[in-house]
Amino acid sequence: MRKRRLLLVYLAVLLPALQGCIPGLIDDRRTSATQIEDSGIERKIGNRIEEKFGTEVHYDVVSYNRYVVLMGGAPTQQAKDEIGALALGVQNVRNVQNEMVVGAATSSGTHANDAYLTSKVKTRLATASKVGPARIKVVTEDSVVYLMGLVTHKEADEAAEIASTTSGVQKVVKVFEYTD
């Protein structure tokens, strides 16, 4: 009986919070299998980078519809190229866009600012856009905003405009697949 009451309390607390998530999940144009595969691709690439380079590089890996964008910093051009090759060698990766820079890793302050910029862009997309926020993945690295998703050309242009006019954003890189 106690477990049943506890379960009801959890449901009462969680259901209202989950309501906002369900439209976002439904609005993602990728299949759920592809979403799971993208997560696996990110994890596999991250593991390979960690095994090969350890803390020598700072990286972010984003996969959307099996299309990978690499961001961050590598100490040499050779390391950057090797990371690109590692990513391309992961099963089911369709393409890799290597946006890593050669140079020193960015500071924790820069990472915090990037997280803030990402949240600002996502919020503006959710409130000022006709584009469903689940259709566009937003990632920021060193004040450069990367937009990924399966969108129409009109949706891509609108999202890019919103991102580029967000205070603090230095540059917007569109990595979209178009549905029209």
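Keep in mind that this is a model prediction, so the values were computed, not measured.
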Discussion item. I'd like to know whether OH of Y116 has more than 12 heavy-atom contacts from other residues, nucleotides or ligands below 6.0 angstrom.
Written reply: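 Atom OH in Y116 is not crowded, with 12 or fewer foreign heavy atoms closer than 6.0 Å.
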Closest approach of [X] to [Y] (non-hydrogen atoms, all atoms of both residues):
X	Y	result
K174	A156	CD-O, 4.1 Å
A87	V93	O-CG2, 3.6 Å
I136	A159	CD1-CB, 3.2 Å
V169	L117	N-CD2, 4.1 Å
T152	E155	N-OE1, 2.8 Å
N65	R94	O-NE, 3.1 Å

Close side-chain approach of [X] and [Y], heavy atoms under 4.5 Å:
X	Y	value
I45	L70	yes
L147	Y64	no
Q97	V173	yes

Worksheet item: Checking side-chain contact (heavy atoms from CB on, under 4.5 Å) for the pair V57/I83: CA distance, chi angles, key distance, verdict?
Response: CA-CA 10 Å; V57 298; I83 291 168; 3.9 Å; yes
With rounding to the nearest 0.5 angstrom, report the [atom1] to [atom2] distance, [X] to [Y].
X	Y	atom1	atom2	answer
S107	H58	OG	NE2	10.0 Å
D28	L150	CG	CG	7.5 Å
Y67	D38	OH	CG	13.0 Å
N95	R66	CG	CZ	11.5 Å
K171	T140	NZ	OG1	13.5 Å
N98	L88	CG	CG	10.5 Å

Applying the 4.5 Å side-chain criterion to the ILVMFWY set and letting contacts propagate, would [X] and [Y] be lumped into a single cluster?
X	Y	value
M148	F176	no
V175	V144	yes
V61	L86	yes
V139	V68	no
V151	Y146	no

Item to complete: Determine, stepwise, if the pair Y59 / E141 fulfils side chain to side chain donor-acceptor pair (under 3.5 Å).
Response: CA-CA 9 Å; Y59 67 91; E141 179 69 35; over 6 Å; no
Worksheet item: Going by an N to O cut-off under 4.0 Å, is there a salt bridge joining R29 and E177?
Response: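 No, R29 and E177 are not salt-bridged.
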Worksheet entry | Under-4.0 Å salt bridge between E42 and K137 |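 So E42 pairs with K137 through a salt bridge.
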N/O donor-acceptor pair under 3.5 Å between [X] side chain and [Y] backbone:
X	Y	answer
D60	G72	no
K80	M100	yes
E56	P75	no

Worksheet entry | Working for side-chain contact (heavy atoms from CB on, under 4.5 Å), residues V62 and M71 | CA-CA 8 Å; V62 180; M71 296 159 278; 3.4 Å; yes
Practice prompt. Check step by step if side chain to side chain donor-acceptor pair (under 3.5 Å) holds for Q77 and D81.
Written response: CA-CA 6 Å; Q77 184 64 44; D81 294 342; 2.9 Å; yes
Worksheet entry | From R124, E161, K120, K122, residue fulfilling side-chain hydrogen bond (donor to acceptor under 3.5 Å, both in side chains) relative to T166 |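 By the side-chain hydrogen bond (donor to acceptor under 3.5 Å, both in side chains) criterion, T166 pairs with just one of R124, E161, K120, K122: R124.
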